[in-house]
> 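Quick one: this structure, given as structure tokens, is what I'll be asking you about.
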Amino acid sequence: FLMSLQFKKLHQNFGVEIINFNLSKDLNNNSYKEILFAFNEYGILLFRSQNMSIENQVIFGRKFGKVLIHAVNQYHAEGHPEVYVLSNLDDKGNPSGKHPDQGSLYWHTDGSWRKNTGQATIMVADIIPSKGGETQFCCMENAYASLDNYMKQKSSELSAVHNLDFSRNRRHGHDPLTKEQKNKVPPVTHPIVRSHPITNRKSLFLGDHAEYIENMDYEKGREFIETLNKLAINSKYIYTHKYVEGDVLAWDNRRLLHKGMKYDTAKEKRVMRRTTILGEVPK
């Protein structure tokens, strides 16, 4: 089926780089069908040297589905609320010493705090630090497959409550959600084991936004989530992406956890543009 696309693997279990493809020019219906097939099959797609405009980022995002307008509206790109800008630059364009999104430094899946969770995330690399600032990905299909039968069975019977206010307060105590932002994103319940709607492969579905287990004592539920999150993060299933300026990375939130890696926010510049595309209600 993948006749015209050339790619090379990023990790033995998931992720491919699509070679010599210009997302702003070459995105006709046939090539997009192939891109979507590869996205569902491999979970991460990397396109190098793209020079992609904000407008084209939104157009590319919409090919996957409905684009999320994030509740934390202070990060919206001017004139393009579909694009969430992650920048450590101050008004003069110098490094501010502040990390724009500390929650992103912990394993999570984008939009798991919504009823319709994140499907794809598209990240465009504008300015990259000389050291640090990578994104790590961990495959939750592999994580689920590696559980013993008891944990597979137990996990598949439970649901977790995901809550942006919970994760935001843990990681951004100085910058919590406003009351209005909170009201827009009430907590939601999702199964801990979800099936991919296209491939039917099973994944663990937890991460940093998962607060507690439905119908379980709060502290016991927290303990179970932490245990399962620790079991899931196995170095064998991790791919670390070192960005080059002009990279466009698209990943599948239905099967991957990810987190950003630290960099020197006081000395190094880092500007990224993110678009999240909404998917299904997990089953």
> Decide yes or no on salt bridge (Lys or Arg N to Asp or Glu O under 4.0 Å) for E82 and R62, but give the supporting numbers first.
CA-CA 10 Å; E82 311 92 339; R62 286 197 179 126; 2.9 Å; yes
> Checking N229 now: which residues fulfil side chain to side chain contact (heavy atoms under 4.5 Å, CB included) with it, not counting sequence neighbours?
L206, I225
> Using a 6.0 Å cut-off, check whether atom NZ of K242 has over 12 heavy atoms from anything other than its own residue.
yes
> For D208, what residues pass the salt bridge (Lys or Arg N to Asp or Glu O under 4.0 Å) criterion, not counting sequence neighbours?
R170, R171
> Do the side chains of H196 and N40 get nearer than 4.5 Å, heavy atoms only?
yes
> Please determine whether side chain to side chain donor-acceptor pair (under 3.5 Å) holds for the pair S195 and N200, giving the CA-CA distance in whole Å, both sets of side-chain angles, and the decisive distance to 0.1 Å.
CA-CA 5 Å; S195 294; N200 288 323; 5.7 Å; no
> Got L105 and K259 here, is their nearest side-chain heavy-atom distance under 4.5 Å?
no
> Any chain of hydrophobic side-chain contacts (each under 4.5 Å) joining L228 to W113?
no
> Restricting to pairs with a member in residues 138-161, which pass salt bridge (Lys or Arg N to Asp or Glu O under 4.0 Å), not counting sequence neighbours?
E141-R201, E141-R255
> Is the backbone of I127 close enough, under 3.5 Å, to the side chain of E245 for a donor and an acceptor to pair up by distance?
no
> List the steps and the verdict of side chain to side chain contact (heavy atoms under 4.5 Å, CB included) for V281 and R194.
CA-CA 10 Å; V281 177; R194 72 178 293 179; over 6 Å; no
> Side chain of Q57, backbone of R273: donor and acceptor closer than 3.5 Å?
yes
> Any side-chain heavy atom of L231 sitting closer than 4.5 Å to one from L147?
yes
> Would a distance-only check, ignoring hydrogens and angles, find a side-chain to backbone donor-acceptor pair under 3.5 Å from N88 to R270?
yes
> Can you tell me how far the OG atom of S203 sits from the CG atom of L256, to the nearest 0.5 Å?
8.0 Å
> Ignoring hydrogens and geometry, is there a side-chain-to-backbone donor-acceptor pair from E226 to E223 under 3.5 Å?
no
> Does a side-chain heavy-atom distance below 4.5 Å link Q50 with V124?
no
> Examine K63 relative to Y32 and say whether NZ or CZ is less than 6.0 Å from the centre of the six-membered ring and inside a 45° cone about the ring axis.
yes
> Is D252 salt-bridged to R254, going by a charged N under 4.0 Å from an acidic O?
yes
> D110 and H108: side chain to side chain donor-acceptor pair (under 3.5 Å), yes or no, with the steps?
CA-CA 7 Å; D110 291 337; H108 67 287; 3.2 Å; yes
> Between E268 and S130, is there a donor-acceptor pair closer than 3.5 Å when you use the side chain of the first and the backbone of the second?
yes
> Flag the pair K131 and D264 as a salt bridge only when some basic side-chain nitrogen lies within less than 4.0 angstrom of an acidic carboxylate oxygen.
no
> Is atom OH of Y218 surrounded by more than 12 heavy atoms (other residues, nucleotides or ligands) closer than 6.0 Å?
yes
> Taking all heavy atoms of F205 and all of P282, pick out the closest pair and write down the distance.
CE2-CG, 4.0 Å
> Let's go through E134 and T240 carefully: what are the C-alpha distance in whole Å and the side-chain angles of both, what is the deciding distance for side chain to side chain donor-acceptor pair (under 3.5 Å) to 0.1 Å, and is it a yes or a no?
CA-CA 7 Å; E134 302 89 352; T240 302; over 6 Å; no
> Specify whether F60 and F47 have parallel, tilted or perpendicular ring planes, treating 30° as the upper limit for parallel and 60° as the lower limit for perpendicular.
perpendicular
> Counting distance only, does the side-chain N/O of D90 pair as donor-acceptor with the main-chain N or O of N94 below 3.5 Å?
yes
> Return the orientation label for the H241 and Y243 ring planes: parallel under 30°, perpendicular over 60°, tilted otherwise.
perpendicular
> Answer whether the closest heavy-atom distance between the side chains of F21 and S31 falls below 4.5 Å.
yes
> Quick one: ring pair (Phe, Tyr, Trp, His ring centres under 6.0 Å) pairs with a partner in residues 114-143, sequence neighbours left out?
F137-W251
> Show the numbers, then the answer: is there a side chain to side chain contact (heavy atoms under 4.5 Å, CB included) between W107 and I233?
CA-CA 9 Å; W107 291 106; I233 305 304; 3.6 Å; yes
> Hey, does R48 have a side-chain heavy atom less than 4.5 Å from the side chain of V244?
yes
> Could you measure the distance from the CE atom of M52 to the CG atom of D247? Nearest 0.5 Å is fine.
12.0 Å
> Quick one: which of T117, T276, T121 gives a side chain to side chain donor-acceptor pair (under 3.5 Å) with N253?
T121
> I would like to know whether I213 and I192 meet side chain to side chain contact (heavy atoms under 4.5 Å, CB included); could you show each step before the answer?
CA-CA 9 Å; I213 304 285; I192 289 178; 3.5 Å; yes
> Looking only at heavy atoms, what is the nearest atom pair of P95 and T265, with distance?
CB-O, 3.3 Å
> Are more than 12 heavy atoms from other residues, nucleotides or ligands located less than 6.0 Å from atom CG of N234?
yes
> If hydrophobic clusters are built by linking Ile, Leu, Val, Met, Phe, Trp and Tyr wherever their side-chain heavy atoms come under 4.5 Å apart, do F166 and L158 end up in the same one?
no
> Provide the full list of salt bridge (Lys or Arg N to Asp or Glu O under 4.0 Å) pairs with a residue in residues 6-22, sequence neighbours left out, each pair given once.
K8-E17
> Between atom CG of L45 and atom CZ of F39, what is the distance when rounded to the nearest 0.5 Å?
7.0 Å
> Is a donor on one side and an acceptor on the other found under 3.5 Å between the side chain of H190 and the backbone of S112?
yes
> Kindly indicate whether the side chain of D217, heavy atoms from C-beta on, has any atom under 4.5 Å from the side chain of E219.
yes
> Tell me if the aromatic rings of F14 and Y42 count as close, with their centers under 6.0 Å from one another.
no
> Can you confirm whether Y239 sits close enough to I44 that some side-chain heavy atom of one is under 4.5 Å from a side-chain heavy atom of the other?
yes
> Answer yes or no: is there a donor N or O on one side and an acceptor on the other, between the side chain of S87 and the main chain of L89, under 3.5 Å?
yes
> Run the side chain to side chain contact (heavy atoms under 4.5 Å, CB included) test on L46 and L10 for me, step by step, so that the C-alpha distance in whole Å, both residues' side-chain angles and the decisive distance to 0.1 Å come before the verdict.
CA-CA 9 Å; L46 167 63; L10 300 174; 4.0 Å; yes
> Can you name the residues that form a salt bridge (Lys or Arg N to Asp or Glu O under 4.0 Å) with R114, not counting sequence neighbours?
none
> Give a yes or no answer on whether the side chain of N116 reaches the backbone of G279 with a donor-acceptor pair at less than 3.5 Å.
yes
> Taking the six-membered ring for Trp, are H11 and Y237 closer than 6.0 Å centroid to centroid?
no
